[in-house]
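These notes concern the structure reproduced below.
Computed from a predicted model, the values in this text were never measured in an experiment.
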Number of protein chains: 2
Amino acid sequence: MASLTKGRRPIRLADIAKAAGVSHGTASNVFSRPEIVREEVRERVKAAAEALGYAGPDPKGRLLRAGKVNAIGVATTEPLSYFFDDPFARVMMAGISEACDATGAGIALVSAGNEEKLAWNIQSALVDGFILFCIEGGPRLVELTRERKLPFVALELGSQDATVSAIGVDNVAGGRLAARHLAELGHRRFAVLSLAFADDSTGLVSPEQVRTAVYTGTRDRLLGYLEELSRFGVDTAKVPVYETENDEASTKAGLETLFASAEPPTAILAMSDRVAMEALEWLSARGIAVPRDVSVVGFDGVPEAAICEPPLTTIAQPIAEIGRRAARRILDFDGTVRRETLGVELVVRASSGPPPGTG
Amino acid sequence: MASLTKGRRPIRLADIAKAAGVSHGTASNVFSRPEIVREEVRERVKAAAEALGYAGPDPKGRLLRAGKVNAIGVATTEPLSYFFDDPFARVMMAGISEACDATGAGIALVSAGNEEKLAWNIQSALVDGFILFCIEGGPRLVELTRERKLPFVALELGSQDATVSAIGVDNVAGGRLAARHLAELGHRRFAVLSLAFADDSTGLVSPEQVRTAVYTGTRDRLLGYLEELSRFGVDTAKVPVYETENDEASTKAGLETLFASAEPPTAILAMSDRVAMEALEWLSARGIAVPRDVSVVGFDGVPEAAICEPPLTTIAQPIAEIGRRAARRILDFDGTVRRETLGVELVVRASSGPPPGTG
DNA sequence: CACCTTCGTTGGATCGATTCAAATTTTTGC
DNA sequence: GCAAAAATTTGAATCGATCCAACGAAGGTG
């Protein structure tokens, strides 16, 4: 009563073939192409299967023969719960899900606590290809995945290794859009809350660090900001850039630093909505009104940005579309390496306005 | 340059064994138990692997031998994006993720547009067991899964089939907690916004429908509500119960109905936070103040309930804990069927207060 | 020097199916 | 009633590894 796995040895297809008095070939056909088996035989085999408690062809065996798993792996160095917690990841996964649903493919989530386990999990994941969430440790993840010799796509053009397929957005254009919006509103005193330029670094960023950035996405956003600002006559050498780890602690530390200045910024360019929303909170707690005293522009366009207080002006990426394309790239893999860049869009909400004392 | 899959036929372990002049047994050992192979030989084999561009032992082959996939399947009849959209599912998945991370297991998401595909996907999923999200069509999902003859756990004690393992909460106790809270605040005019009692039904519910409920979770919550209310002298026969589909449209339709009454309720017992939050919105749009005019109590305890306007009083389930336990049940499957019931907790927030005209 | 360990290596068996060319049976055509 | 065509069935080969009993070569011992 309490046991599901009664019989010691699981029943194999060969067992029921024998019981029904047919060859394995025929028994196999009964399950995979029943229409080519004579009805009488089909019934006999099915009856035998029923009698022996056969669970149907084991996918493990089928897989080996077929070669295709019909599932795509999504890997990250973050813990698995990242996929369900992080707003950006969630929208991305929704896009991936959509493409998978359309073709009936499954999704296998791959992650691991430590590097060694991650390597193992990537090596042994039963998938037809990988989508890589390159947050921290992107290069390492790419390296590990490359060894599998399966198709894979990196999300965000983190590094510019031209030999790996990738899908991302035009970060320079996004940066310019954000900067222009604020500059046109009249702002001239800016500060940047950036994402990582390299692993394990945080704090104010030097031009040298920008030049040697590992994460070119971060660098490109900054380049976009600065290019546009200089067109408005802002001395970009004086714009402080604080590198955060895209979390509460480092963002707040950054704000402490930036606002300790004699000439605090009237406009903050944040490289993620996450950071921007943390900033909103910090500013509100300090009694600094947004957008009256300070304007904030985020980057990403996650759903939460529309409902936070105040709603966030941001550079929206087509996150779900990136996910859909990435999934399709694996699903209809054609053996080529392609790097795709999608456009971004400025979404103006209530977190940005003219600088104080402008009318 | 553009091709990743250069060589026509993928390289097998046997190929490198031949190239290195060793048996396939030894070649296998080089990868799976390198310490038992003499260094000189090990190097030779690795060199051969490198030279031939061998991707390492193919998990497909290994799997067949090993038997264990080291991944657990999470199945639902909803589309895949449900896992990333729905607040309840997300917290649950976070719990499952945690347990999987701890043991290094992977997660395979299983779903499908239509019934036929779902059946196929469940049959062919490469997993060691299933966790079933039994929302709509729970019984069908259980039936399909049972055929795989793998361990599985149903989430929510939807049906009371004692032959399937399940983990859920004490719905009766939860219902009582919610009802008592409102009754103690002084409310005497109640209405219930319920979840489904059976598939494809919606609208006001008759005692007959309650008695023949397919979804016993829904029934139990209602039973809890009514039991407790009657202890406070409320005539439970007069408490309207409106069955929703846990979505905006049916919830709002329910509210239209309930508030069209000559004696509209002062307290709403909602069987999910989702429904409760829709109610909050509807009430606010109608200018009905919560909790001044009407109190609302939800059920679930999703994170959103804490940050909606006003924050929702609710019956919190240990959602993540349910997920963790479910995952562990599959991971350390011992062949037994067990039904587990966890406790719930009343979380009082701002959506509930004394009825109007109470001072 | 015969004998026993110990360490590494070998190669056949196995995991559970699918596939396909060839063999067999049934149908059809005349 | 017989040959050709069509429909079924067969069984060996294959997918890609791991496992393990048996074997061979050093090294140690009395």
Side-chain angles (χ1 to χ4, degrees), chain A residues 7-45 48-49 52-70 120 123-128 148-150, chain B residues 7-45 48-49 52-70 120 123-128 148-150:
Chain A
R8 210 51 255 134
R9 199 164 101 310
I11 319 298
R12 301 191 317 294
L13 184 54
D15 297 326
I16 77 152
K18 178 131 54 94
V22 298
S23 68
H24 337 275
T26 298
S28 173
N29 286 334
V30 168
F31 292 98
S32 45
R33 302 133 82 195
E35 69 282 2
I36 71 164
V37 177
R38 196 153 43 96
E39 171 155 5
E40 189 250 314
V41 177
R42 202 191 313 149
E43 293 308 326
R44 187 147 41 91
V45 172
L52 272 65
Y54 180 58
D58 186 328
K60 295 202 283 289
R62 191 209 315 276
L63 172 62
L64 183 55
R65 193 74 246 239
K68 270 227 152 216
V69 182
N70 197 35
W120 171 257
Q123 273 166 37
S124 62
L126 292 157
V127 298
D128 298 319
R148 265 304 287 278
K149 303 196 166 137
L150 285 177
Chain B
R8 209 50 256 135
R9 200 163 101 308
I11 317 299
R12 301 192 315 296
L13 185 55
D15 298 326
I16 77 151
K18 179 131 52 98
V22 298
S23 70
H24 56 263
T26 298
S28 173
N29 286 334
V30 168
F31 293 97
S32 44
R33 303 133 81 196
E35 69 284 2
I36 72 163
V37 178
R38 197 154 42 96
E39 171 155 8
E40 189 249 318
V41 177
R42 202 193 311 149
E43 293 308 325
R44 187 147 43 91
V45 172
L52 272 66
Y54 181 58
D58 186 327
K60 295 203 283 289
R62 191 209 313 278
L63 172 61
L64 184 54
R65 197 64 249 229
K68 271 228 151 212
V69 183
N70 198 34
W120 171 257
Q123 273 165 36
S124 62
L126 292 157
V127 298
D128 298 320
R148 263 306 284 279
K149 303 197 165 139
L150 285 178

Taking atom P of C:dC7 as reference, at what distance in whole Å does atom CZ of B:Arg33 sit?
-> 15 Å

Under 4.5 Å between any side-chain heavy atoms of B:Lys60 and B:Leu63, yes or no?
-> no

Take the protein atom CG of A:Leu63 and the nucleotide atom P of D:dG16, then report the distance between them rounded to whole Å.
-> 11 Å

Here the distance between atom C1' of D:dC19 and atom CZ of B:Phe31, to the nearest Å, is 17 Å

To the nearest Å, how far apart are B:Glu40 CD and D:dA25 P?
-> 16 Å

Heavy-atom pair of closest approach, residues B:Ile16 and B:Ile11 = CG2-CG2, 4.0 Å

Between atom NZ in B:Lys18 and atom C1' in D:dG16, what is the gap in whole Å?
-> 15 Å

Whole-Å gap separating C1' (D:dA17) and CD1 (B:Ile16) = 12 Å

Closest contact, heavy atoms only, B:Ala48 versus B:Ala19 = CB-CB, 4.2 Å

Would you say B:Lys149's side chain and A:Gly53's backbone share a donor-acceptor pair under 3.5 angstrom?
-> yes

Please confirm whether the backbone N or O of B:Val69 pairs with a side-chain atom of B:Asp128, one donor and one acceptor, at under 3.5 Å?
-> yes

Can you tell me how far P of D:dG16 sits from CG of B:Asp15, to the nearest Å?
-> 9 Å

Provide a list of protein-nucleic acid N or O atom pairs under 3.5 angstrom, restricted to nucleotides 4-10 of chain D.
residue, atom, partner, partner atom, Å
D:dT9, OP1, A:Arg38, NE, 3.1
D:dT9, OP1, A:Arg38, NH2, 3.1
D:dT9, OP2, A:Arg38, N, 3.2
D:dT10, OP2, A:Ser23, N, 3.1
D:dT10, OP2, A:Ser23, OG, 3.3
D:dT10, OP2, A:Thr26, OG1, 2.9

A:Ala27 to A:Ala17 - nearest heavy-atom pair and separation = CB-CB, 3.7 Å

Carboxylate-amine/guanidinium contact B:Asp15 B:Arg12, below 4.0 Å = yes

Scanning both residues in full, the closest heavy-atom pair of B:Arg42 with B:Val30 reads CG-CG1, 4.0 Å

Nearest heavy-atom contact between A:Gln123 and A:Arg148 is O-NH1, 2.9 Å

Audit row: A:Tyr54, A:Val45, side chain to side chain contact (heavy atoms under 4.5 Å, CB included) steps and yes/no = CA-CA 11 Å; A:Tyr54 180 58; A:Val45 172; over 6 Å; no

Between the first and last five pairs of the helix from C:dC1-D:dG30 to C:dC30-D:dG1, the angle of the axes, rounded to 10 degrees = 40°

Under the side chain to side chain contact (heavy atoms under 4.5 Å, CB included) criterion, do B:Ser28 and B:Leu13 qualify, and how do the steps go?
-> CA-CA 7 Å; B:Ser28 173; B:Leu13 185 55; 3.7 Å; yes

Nucleotide N/O of nucleotides 14-17 of chain C paired with protein N/O under 3.5 Å:
residue, atom, partner, partner atom, Å
C:dT14, O2, B:Arg65, NH1, 2.9
C:dG16, N2, A:Gly61, O, 3.2
C:dA17, OP1, A:Tyr54, OH, 2.8
C:dA17, OP1, A:Asp58, N, 2.5
C:dA17, OP2, A:Leu13, N, 2.5

